[in-house]
2 protein chains.
Amino acid sequence: MNVMNESPRRKELTRLAAQLFVQEGFDRTTVRMLAQEMGIKSGSLFHHFRDKQEILAAVIEEGTHNALAMARQALVECGPDAESRLRAMARAHLETLLTDRNAHVVALYEWRRLDPEARAHLSHLRDAYEALWEEVIDAALAEGLIHGDRFLVSRFVMGALNWTVRWYDPRGPRTPDDLADELVAMITRHPA
Amino acid sequence: MNVMNESPRRKELTRLAAQLFVQEGFDRTTVRMLAQEMGIKSGSLFHHFRDKQEILAAVIEEGTHNALAMARQALVECGPDAESRLRAMARAHLETLLTDRNAHVVALYEWRRLDPEARAHLSHLRDAYEALWEEVIDAALAEGLIHGDRFLVSRFVMGALNWTVRWYDPRGPRTPDDLADELVAMITRHPA
DNA sequence: GGGTCAACCAAGCAAGCGCTAGTGTAAACG
DNA sequence: CGTTTACACTAGCGCTTGCTTGGTTGACCC
């Protein structure tokens, strides 16, 4: 059994698992369904993962890790002003929601199914991601671009963004960047 | 077996079920757990509900029904201007999230576990609720209180509000009305 | 060319699942 | 009074669940 997501085989299995978890939900996805989707028998699954819980943790870790990486990259590449940074974060967030959609849906819906140890480990990743947001929002507040309670504003923004997985259809006319721009426009000062 | 949620006994059982569904999730809540929480044996449960699915439907119906009623009431009592109506809707929404918290968490997380018939029935209730929101947001757009794409704005607002169940702690310093006011302030035109 | 090792399979166990069948009982009804 | 009704019980059926065990295969290694 492998320790991390290093093995390419395991990475592929994780991707397949994410898809099934989205379709059926974690509890309703049986190890036999997972194995069939992966083209192996159910027993062989436990060569790659210690138990079913570990598959869930692997899925969520993969998604959160990518989101963090993309957000950091976006912050490096964007302009220095608060509005550029805010927009960059929103765009990066929505873009991961597209490319790693399955993993993120699982993270949002099945977080509570994680056992305490896995949750503790993954909480750090998530906290690091949310810290980026708070930093950007603090800067926007300081610059007067937005105003209000920093705690509430960041929670509202995260809510609006995460909720998109429920209704956003990438085949529709709107691009992720459209959504990001609209959200930023909604919460920033609107010059009459 | 009863047909609707008329029986007070059934209403009480539904309330208990909601609590367990939140704690454990629908799939992990067994009929034996439900029965124990209700003080009866597992077999007796099926005198009140046809099957486990019907319990889920009852929980969600109860919560959505109350939310719709509270929103309508709030719109009747509030002022006629767009800002008052927007604030009233936000307050009503957050207040139900408090009083019927369990039912709403279940509705948000376990919606996909509903079988197609129940989902179709409950979709009507939810659509009616969301229609109230779109109406209020349309008015706010027309009045120039907020601006942007009506579809996106309403989705963003719903996201921000529904996300509160993940982080809001009613024992903290903030009241639901505080949250509502802050949200309205965030998205309305900000006079410099 | 024997040893190592990741990857897989066949078979099945123990536990738990939703739900049913049949019965008992006390209150309500005509 | 006899009948009905609501509510609960006991007992268990048939099935699925996550996971284990013991063994096989083929590629690579010194």
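Residue numbering restarts at 1 for every chain, and letters A, B, ... go by the order of the sequence lines. Computed from a predicted model, the values in this text were never measured in an experiment.
- Under the rule for a side-chain hydrogen bond (donor to acceptor under 3.5 Å, both in side chains), A/Asn102 has no partner lying at least two apart in sequence or in another chain.
- To the nearest angstrom, P of C/dG18 lies 15 Å from CG of B/Asp115.
- Shown here are the side-chain hydrogen bond (donor to acceptor under 3.5 Å, both in side chains) partners of A/Glu12, two or more places apart in sequence or in another chain: A/Arg15.
- For B/Phe156, there are no ring pair (Phe, Tyr, Trp, His ring centres under 6.0 Å) partners at least two apart in sequence or on another chain.
- Sequence neighbours left out, the pairs with a member in residues 75-84 of chain B that pass salt bridge (charged side-chain N to carboxylate O under 4.0 Å, His left out) are B/Glu83-B/Arg87.
- Here salt bridge (charged side-chain N to carboxylate O under 4.0 Å, His left out) pairs that include residues 28-49 of chain A, with residues two or more places apart or in two chains, are A/Arg28-B/Asp27.
- Pairs engaging residues 128-143 of chain B under the salt bridge (charged side-chain N to carboxylate O under 4.0 Å, His left out) rule: B/Arg85-B/Glu135, B/Glu134-B/Arg150, B/Glu134-B/Arg155, B/Asp138-B/Arg150 [sequence neighbours left out].
- Rounded to whole angstrom, the span from the CZ atom of A/Arg50 across to the P atom of D/dT20 amounts to 11 Å.
- Going from atom CD of B/Gln53 over to atom P of C/dC17 covers 17 Å, rounded to whole Å.
- Remark: C1' of D/dC7 and CE of B/Met38 are 14 Å apart, rounded to the nearest angstrom.
- Centroid-to-centroid, the aromatic rings of B/Tyr129 and B/His65 stay 6.0 Å apart or farther.
- For the side-chain contact (heavy atoms from CB on, under 4.5 Å) test, residues two or more places apart in sequence or in another chain that qualify with B/Pro170 are B/Leu98, B/Arg101, B/Tyr168.
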Under 3.5 Å, which N/O atoms of the protein pair with N/O atoms of nucleotides 15-18 of chain D?
unit_1 : atom_1 : unit_2  : atom_2 : d
D/dG18 : OP1    : A/Thr29 : O      : 3.4
D/dG18 : OP1    : A/Lys52 : NZ     : 2.9
D/dG18 : OP2    : A/Val31 : N      : 3.0
D/dG18 : N7     : A/Arg32 : NH1    : 3.1
D/dG18 : O6     : A/Arg32 : NH2    : 3.0

List, with names and distances, any nitrogen or oxygen atoms from the protein found under 3.5 Å away from nitrogen or oxygen atoms belonging to nucleotides 8-10 of chain C.
unit_1 : atom_1 : unit_2  : atom_2 : d
C/dC8  : OP1    : A/Arg9  : NE     : 3.4
C/dC8  : OP1    : A/Arg9  : NH2    : 3.1
C/dC8  : OP2    : A/His48 : NE2    : 2.6
C/dC9  : OP2    : A/Lys41 : N      : 2.5
C/dC9  : OP2    : A/Ser44 : OG     : 3.0

